[in-house]
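Only one structure is covered here, and it is reproduced in the block below.
Here is how names work: the chains are called A, B, and so on, in the same order as the sequence lines, proteins then strands, and each is numbered from 1.
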Amino acid sequence: MQSIANAAQQAMTEGVFQIETLPDIILEVPPKKEFGDFATNFAMQSAKTAKMNPRKIAEAIIERMSEPWLEKTEIAGPGFINFYLKANIIYDQLAGIIAAGRDYGNLPKKNAAKIQVEYVSANPTGPLHVGHGRGAAAGSALVNLLRAAGYEVSSEYYINDAGNQIDNLAASVNARYLELFDQTVEFPENGYHGQDIIDTAKRIIKKDGELYLKMAETERLTIFKELALKEKLAALKEDLAAFNVNFDVWFSERSLHPDDVKTACQVLQENGNIYEKDGALWLKSTAYGDDKDRVVIRDNGIPTYLAADIAYHRNKFERGFDTLINIWGADHHGYICRVKAAIEAMGYKPDHLEVLLLQMVSLYRDGELVKMSKRTGQSVTLAELIEEVGTDAARFFFIMRSLDSQLDFDLDLAKSKSSENPVYYIQYAHARIRSIFRQAQEAGIAKANQPKLSLLTDESELALIKKMAAYGEEIEYAAQERAPHRIARYVHELASEFHSFYNRCRIMGVDQDLAQARLALVGAVANVICHALAMLGVSAPEKM
RNA sequence: GCGUCUGUAGCUCAGCUGGAUAGAGCAACGGCCUUCUAAGCCGUGGGUCCCGCGUUCGAAUCGCGGCAGUCGCACCA
């Protein structure tokens, strides 16, 4: 890059052309291999200010470039400069990848901001469903991705263990409990209808029988609230652990009440961003771009959900995180504006909160949409999904689409153990490599310390090396874009290059030096596949 | 009505930090297993990148305006 800048600079001092400020020089890997190993559109970028034909500029630049690693350059299309690397460069790259071993793909630590990623954070009032599953898969993959890119990341689950919905949970369990003793009770209006609530009531009876029957209702509700919460939370953690999702911090909303909520309100009150109206306290969020002002303390004195969330985000910043990433379902998008408003009102930078919205998931079975209804509790749970398609397929399917896209989840495809299924396609590549190693060992092909990598000249071999060499950039860009689906795509492409190689080149039964070089190559491929799959939370089986 | 996201091959989707002939998987069609896993490979066909206008040397990509779908617009969480 620098040598392009130097050449341009030199051309200018020689008066060939004049540019006031050099544009950023962007090197990219061209879409076709006929366009060289990398290319720049620098000449076209400069064409306007230089008032000169981009091809002429390109010519002036390449005349002034001489680098030892450069095989040749050419001008193509409207003014691209294509660079061809000397062949040995690629083998140096491969040697570097092999030397890095399983660490290849872990980028140097960044000194930049500490990032906190909060995701799932489903209410502990029932089992996780498939929508939460997408959040869980994408969130955990994003955390892994950011860490690989060198960021310091803390992952967190916000437990909504305070407020109405928990009271509704207790009331629902209460109603089921009484029903099981043949009492007629009115089911709470906003109660939870799921089977799991009945199961909870049954477990309570199994353990303590009619112990709570004669209690005062309020007392019973208090006890049931704690029992149910404990049980739901444990189930949640179990489901997530089975889905390769683990959190550094489980943050209880209750811990914010009442002190943190009070402090946050005080801060806002002192800087004049809270006012009283109709007996309630309102956040002046319209001053920060929201549609309307929002109630933080209701007229009955109870804080709203927003109040707790304001305190929570303040707490996050106070803990020293510079960047907060929240992964929310798309149905919460209307909430972003008011939280950012509150953040700004408290004196933090709203840009330091990034909310990633996750679009909805639709399940398809036999080509038919699987209907879901939250109200009646009739929805496919994450546990059922894992049961049906397995963790690997479920995670990969959730991650392979961009977060912005609604996801059509084809259950039959996810289950199929065939070439149609991208998960198996990738895992199969890994298993094949492991199998090769087992057989090579039996055949007594020793692992070379200094394999003769320059023997790798087949186009499929070169393609594999180039693909692996691009892994670092891919991680960097995917992390920057918060786009874990790029890794899913990358590893699928790498697997494809491998399968192609596998059908063209043999390892056993060729010259010993070549066999050793190829073993070293596929060993590196296996490491990269492992690394990428590990980021996605998908296993890399030894055999299939 | 306001806002979010989406609209690209028959289907599901990448590509969007402006660049070369717009890609992948599935589906369709035709080939490849006496040698390391055929859960694989090779090949063929397939496009109004929703529409219009604008910015630009150059637009699937950026801006504005439409159209269609989605989700949301609480003193619920």
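OP1 or OP2 of B:rA14 lies within a sub-4.0 Å distance of a side-chain N or O belonging to A:Ser405. A:Ser500 has no side-chain polar atom (N or O) that falls below the 4.0 Å cut-off from OP1 or OP2 of B:rC41. Residue A:Arg489 has no polar side-chain atom (N or O) positioned under 4.0 Å from OP1 or OP2 of B:rC13. Side-chain N/O atoms of A:Ser402 include one lying less than 4.0 angstrom from OP1 or OP2 on B:rA14. An OP1 or OP2 oxygen of B:rC41 is reached within less than 4.0 angstrom by a side-chain nitrogen or oxygen of A:Tyr425. Look at A:Asn503 and you won't find any side-chain N or O under 4.0 angstrom from OP1 or OP2 of B:rG40. Contact check, A:Gln439 against B:rU37: a side-chain N or O comes under 4.0 Å of OP1 or OP2. For the OP1/OP2 pair of B:rG15 and a distance below 4.0 Å, the side-chain nitrogens and oxygens of A:His485 include at least one atom meeting the criterion.
Side-chain contact annotation: A:Glu156 with A:Tyr119, donor-acceptor N/O pair under 3.5 Å absent. Using a 3.5 Å distance cut-off with no hydrogens or angles, the side chains of A:Asp293 and A:Tyr275 do pair a donor with an acceptor. Residues A:His430 and A:Arg434 have side chains that bring a donor and an acceptor to within less than 3.5 angstrom of each other. In summary, the side chains of A:Tyr502 and A:Glu497 do not present any donor paired with an acceptor at a separation below 3.5 Å, with no hydrogens or angles considered. With no hydrogens or angles considered, a side-chain donor-acceptor pair links A:Lys316 and A:Asn326 at under 3.5 Å.
Nucleic acid contact class of A:Leu357 (heavy atoms, under 4.0 Å, all strands): sugar-phosphate only. The residue A:Gln165 sits close only to the backbone: its heavy atoms come under 4.0 Å of sugar-phosphate atoms, none of a base. A:Ala330 comes within 4.0 angstrom of sugar-phosphate atoms only, judged by non-hydrogen atoms across all strands, and of no base. Note on A:Asp278: a base of the nucleic acid sits closer than 4.0 angstrom, heavy atoms only. If you check every strand for non-hydrogen atoms under 4.0 Å, A:Asp299 touches a base. At a threshold of 4.0 angstrom between heavy atoms, the contacts of A:Arg486 are confined to the sugar-phosphate backbone, with no base atom among them.
Base pairing analysis places B:rA28 opposite B:rU44; the two distances defining the Watson-Crick or G-U wobble pair are each below 3.5 Å. Under the Watson-Crick or G-U wobble criterion, with both distances below 3.5 Å, B:rG3 is paired with B:rC71. Across all strands shown, B:rA20 remains unpaired; no Watson-Crick or G-U wobble contact has both distances below 3.5 Å.
With C1' as the reference atom, B:rA9 and B:rC29 are 16 Å apart, rounded to whole Å. Rounded to the nearest Å, the gap between the P atom of B:rA74 and that of B:rG10 is 41 Å. Across B:rA22 and B:rG47, the matching P atoms stand 12 Å from one another, rounded to whole Å. Nucleotides B:rU48 and B:rC41 have their C1' atoms positioned 35 Å apart, rounded to a whole Å. Rounded to whole Å, the separation between the P atoms of B:rC50 and B:rC32 comes to 40 Å. Distance check on atom P: B:rG40 versus B:rA27 gives 10 Å, rounded to whole Å. Only the P atoms considered, B:rG23 is 30 Å distant from B:rA38, to the nearest whole Å. Across B:rU70 and B:rU8, the matching P atoms stand 15 Å from one another, rounded to whole Å.
In this structure, the separation between CG on A:Leu128 and CG on A:Asn123 is 10.5 Å, given to the nearest 0.5 Å.
Checking A:Ser496 against A:Tyr428, the closest nucleotide of RNA chain B that is more toward the 5' end is the one next to A:Tyr428. Residue order along RNA chain B, read from the 5' end via each residue's closest nucleotide, puts A:Asn82 first among A:Ala162 and A:Asn82.
One can place CD of A:Gln359 at 11 Å from P of B:rG7, the figure rounded to the nearest angstrom. A:His332 places its NE2 atom 11 Å from the P atom of B:rA77, with the value rounded to the nearest Å. Distance A:Phe409 CZ to B:rC26 P: 18 Å, rounded to the nearest Å. If you measure from atom CG of A:Asp412 to atom P of B:rU12, you get 15 Å, rounded to the nearest angstrom. Atom CD1 in A:Ile75 sits about 18 Å away from atom P in B:rA20, given to the nearest Å. For the pair A:Met360 CE and B:rU4 P, the interatomic distance rounds to 16 Å; values are reported in whole Å. Put simply, CG on A:Leu403 is 16 Å from C1' on B:rU70, counting in whole angstrom units. In this structure, CG of A:Leu358 is placed 13 Å from P of B:rU6, rounded to the nearest angstrom.
Listed nucleotides: B:rU37, B:rU12, B:rC36. Nearest to the side chain of A:Asp408: B:rU12. Here the nucleotide nearest the side chain of A:Asp331, chosen from B:rC16, B:rG72, B:rG69, is B:rG72. The A:Met544 side chain lies nearest to B:rU37 when the options are B:rC75, B:rU37, B:rC13. Among the nucleotides B:rC13, B:rA77, B:rU35, the one closest to the side chain of A:Tyr335 is B:rA77. Taking only side-chain atoms of A:Asp404, from C-beta outward, the nucleotide of B:rC75, B:rA77, B:rU6 with the closest atom is B:rU6. Of the candidate nucleotides B:rU12, B:rU37, B:rC75, B:rC75 has the atom nearest to the side chain of A:Ala280. The side chain of A:His499 sits closest to B:rG40 out of B:rG40, B:rU12, B:rA77.
Taking 3.5 Å as the limit, the base of B:rA77 and the side chain of A:Asp167 contain no donor-acceptor pair of atoms between them. No hydrogens or angles were tested; on distance alone, nothing pairs the side chain of A:His492 with the base of B:rG25 as donor and acceptor under 3.5 Å.
Note on A:Glu226 versus A:Arg254: salt bridge recorded, some NZ/NE/NH1/NH2 to OD/OE distance being below 4.0 Å.
Inter-residue side-chain proximity for A:Glu476 and A:Tyr471 is flagged as unmet; no heavy-atom pair is nearer than 4.5 Å.
For A:Lys110, the NZ atom is densely surrounded, since the number of other residues' heavy atoms within 6.0 Å is greater than 12.
Applying the 90° criterion around 0 to the glycosidic angle, B:rC62 comes out anti.
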